[in-house]
Amino acid sequence: MSRAAPAAVASGAASRAARAAGISRRSLALVVLLVATGSARADEAAAWAALRQGGVVALMRHGDAPGVGDPEGWRLDDCTTQRNLSERGRDEARAVGARLRAERIAIARVLSSPWCRCVDTATLAGVGPVQVEPAFANAFALADRREALREGGRAVIGRWRGPGVLLVVTHGENIRALTGRSPATAEIVVVASGADGAPREIGSLPARR
């Protein structure tokens, strides 16, 4: 189930309030920035609160891996044929793991897409043993299976009740299919299964760079 991005909602709300108050365009820009910043902080605070409580799923996009898609002739059994993490991406993965440990988030299980950049991200995060889960395979590369992958991902999320947090390292296209949000590299989108079985977004944690 998708929802509007917090910054977009904040911008619209700030614009309406500013017009009603007769605020100048220059002042309006500052108002939008302040409201959007506050909204982003609230979004992050909600994500941390849910992670501490447990019983939720943390959908994480793999770290920075320059390019789009994979080279022609890529193979799952050969990482050298795939698009892989840059040094920045490796640092992002380590930083996410360090934050989760610092916040004492109880990661009960770690799942990963079979793609090497996801397995490497999950491994470098260092928050638990990594298990490959085909339901989170690359929905961009396997576009003809996008719907099946989305349903498979929904099923995994729907079964999770905790205790603790399920961390899933996957691809941006998979997270977008599940939540409507297009995350940045190493960003975490925290979700829980809604009454209709669709993932309900609780909040998100942008990567620190």
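We use all heavy atoms of the structure for the numbers below, so side chains are in, but hydrogens, waters and symmetry mates are not.
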Identify the two heavy atoms, one from [X] and one from [Y], that lie closest to each other, and give their separation to 0.1 Å.
X: R117; Y: N138; result: NH2-ND2, 3.2 Å
X: R94; Y: E87; result: NH1-OE2, 3.8 Å
X: S112; Y: C118; result: OG-C, 3.3 Å

Would you say that [X] contacts [Y] through its side chain, given a criterion of any heavy-atom pair below 4.5 Å between the two side chains?
X: L111; Y: R109; value: yes
X: R154; Y: P199; value: yes
X: I105; Y: W48; value: yes
X: D91; Y: L124; value: no
X: D70; Y: W115; value: yes
X: V168; Y: N174; value: no
X: M60; Y: V96; value: yes
X: V190; Y: V165; value: no

Side-chain donor-acceptor pair present, T185, D64, cut-off under 3.5 Å: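 There is no such pair (donor and acceptor under 3.5 Å, judged by atom type) between the side chains of T185 and D64.
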Atom pair CG (D43) and OG (S204), whose distance is rounded to the nearest 0.5 Å: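 One finds 4.0 Å between CG of D43 and OG of S204.
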Verdict with reasoning, E173 to R181, per salt bridge (charged side-chain N to carboxylate O under 4.0 Å, His left out): CA-CA 9 Å; E173 184 64 17; R181 179 191 284 264; over 6 Å; no
Parallel, tilted or perpendicular: ring planes of H62 versus H171, cut at 30 and 60 degrees: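 Because their plane-to-plane angle is over 60°, the rings of H62 and H171 count as perpendicular.
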Exceeds 12 heavy-atom contacts within 6.0 angstrom, atom CZ of R75: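 Yes - once you tally the heavy atoms of other residues, nucleotides and ligands closer than 6.0 Å, there are more than 12.
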Crowding at CD, E147 (>12 non-hydrogen neighbours, <6.0 Å):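 Buried by this count: over 12 neighbours within 6.0 Å.
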